[in-house]
Amino acid sequence: MVAKMTKRRTILICIAGALAAIFVAQILLGQRSPRKNFKVKEIPDFISIENSGETISLTKNGEEWFCAEKKADARKVEHLLEEFCEVQTLGIVARSANEAAFERYGLNSPIIVRAKSSEKNLRSIFIGKESTSGSQFYVQIEGKKEIFLAQGNLRRDFTFSADDILEKETEEKNPAENSEGENSVIEITE
């Protein structure tokens, strides 16, 4: 009878130990989130966007950004910088970058965004196609083998023409002026 108790106790202790090991493993693996944020530590002063064979270059001069020597819209450039400087990924979709993976995730003809700060290369991002959800896209970060699923709208944000990024000149007109520039008076009679 004592031998049965000891054998039963040993089995229960082994099972309890195995369950404890599984519990600890789940906690440790649960803390390793597949999400990663790729941040650029320096603010770029040069950005080039290559899309479908066309390249748009944005250069910072002082506090202003320029595209082909024309002033760029500061709000639009600031938005691009926010998107580029912190890419938030949801997980890895492919661990190796081969031709089949490139084609599957739209990285065989990506949008390529490169940034520099004082002639120092900061990072290049290769933006593939959007996922089926529409608010996620596939991306590869320069120097990484993996292809990531990232959140946001990088593909849409970095698809524009040079004219789209230029600062628009706004004409401020006095609302009381008509098209000939004369003051118009409106009388209200009862």
Side-chain angles (χ1 to χ4, degrees), residues 31-99 101-131 133-172:
Q31 291 175 350
R32 290 185 56 206
S33 173
R35 293 177 178 249
K36 286 187 177 186
N37 289 346
F38 292 97
K39 294 182 182 181
V40 173
K41 294 180 183 177
E42 295 180 46
I43 302 296
D45 56 19
F46 174 83
I47 298 174
S48 73
I49 300 109
E50 187 179 321
N51 188 2
S52 302
E54 291 186 41
T55 301
I56 298 172
S57 297
L58 300 168
T59 307
K60 188 174 184 180
N61 187 357
E63 293 298 315
E64 297 178 336
W65 283 89
F66 293 88
C67 178
E69 298 182 15
K70 295 180 182 176
K71 193 172 177 185
D73 186 318
R75 288 179 296 134
K76 291 178 182 177
V77 174
E78 187 65 32
H79 178 71
L80 293 176
L81 286 172
E82 287 173 8
E83 291 289 319
F84 178 82
C85 288
E86 185 173 354
V87 176
Q88 299 175 355
T89 63
L90 302 171
I92 297 171
V93 294
R95 296 226 177 258
S96 65
N98 56 36
E99 286 301 315
F102 282 155
E103 190 171 332
R104 180 176 183 183
Y105 299 113
L107 291 163
N108 52 343
S109 58
I111 295 173
I112 303 169
V113 184
R114 293 182 172 95
K116 295 180 182 180
S117 177
S118 303
E119 297 300 318
K120 174 184 159 190
N121 289 327
L122 295 178
R123 172 170 67 195
S124 294
I125 299 175
F126 304 90
I127 305 168
K129 66 182 182 179
E130 286 187 57
S131 71
S133 73
S135 62
Q136 300 165 347
F137 56 93
Y138 302 104
V139 66
Q140 186 177 33
I141 310 290
E142 182 179 40
K144 304 284 183 194
K145 293 181 194 176
E146 300 88 2
I147 297 172
F148 298 93
L149 177 63
Q151 65 184 36
N153 296 317
L154 270 181
R155 184 155 191 91
R156 282 180 264 162
D157 290 344
F158 284 99
T159 302
F160 57 86
S161 69
D163 288 339
D164 294 335
I165 196 81
L166 295 178
E167 184 174 76
K168 306 294 184 230
E169 292 183 23
T170 56
E171 295 179 24
E172 291 188 28

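Predicted, not measured: the structure shown is a model, and the values here were computed from it.
- You'll find the side chain of E83 reaches within 4.5 Å of the side chain of F158, heavy atoms only.
- Within 6.0 Å of CZ in R156 there are more than 12 heavy atoms belonging to other residues, nucleotides or ligands.
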**OP:** Please lay out, stage by stage, how F84 and I47 fare under the test side-chain contact (heavy atoms from CB on, under 4.5 Å).
**Re:** CA-CA 10 Å; F84 178 82; I47 298 174; 5.5 Å; no

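- A donor-acceptor contact shorter than 3.5 Å is absent between the side chain of N51 and the backbone of I111.
- The heavy-atom pair separating Q151 from Q88 by the smallest distance is NE2-OE1, 2.6 Å.
- Residues L107 and Y138 share a closest heavy-atom pair of CD2-O, 4.3 Å.
- Between P44 and C85, the closest side-chain pair of non-hydrogen atoms falls below 4.5 Å.
- More than 12 heavy-atom neighbours from other residues, nucleotides or ligands sit within 6.0 angstrom of CD on E82.
- Under a 4.0 Å N-O distance rule, the pair R114/E142 does not qualify as a salt bridge.
- Taken from CD1 in I147 to CZ in F126, the straight-line distance is 11.5 Å, to the nearest 0.5 Å.
- Closest non-hydrogen pair, E42 versus L122, comes out as O-CD1, 3.7 Å.
- Checked options I165, V113, L154; the residue passing with L80 is I165 (criterion: side chain to side chain contact (heavy atoms under 4.5 Å, CB included)).
- Distance alone, capped at 3.5 Å, places no donor-acceptor pair between the N61 side chain and the E64 backbone.
- Here the shortest heavy-atom pairing between W65 and L81 reads CZ2-CD1, 3.9 Å.
- The nearest pair of heavy atoms linking A150 to V139 is CB-CG1, 3.8 Å.
- The distance from atom NZ of K41 to atom OG of S117, rounded to the nearest 0.5 Å, is 13.5 Å.
- The distance from the OG atom of S109 to the CD atom of E50 is 11.0 Å, given to the nearest 0.5 Å.
- Checking each of K39, K36, R123 against V87 for a side chain to side chain contact (heavy atoms under 4.5 Å, CB included) leaves exactly one that passes, namely R123.
- Looking at R155, its side chain does come within 3.5 Å of a backbone N or O of G128 through a donor-acceptor pair.
- Looking only at side-chain heavy atoms (C-beta outward), F38 and K144 come within less than 4.5 Å of each other.
- Using a 4.5 Å cut-off on side-chain heavy atoms (C-beta onward), I125 and I141 make contact.
- Taking CD of E69 as the start and OG of S57 as the end, the distance is 11.5 Å to the nearest 0.5 Å.
- Across every non-hydrogen atom of C67 and I56, the tightest pair is SG-CG2, 3.7 Å.
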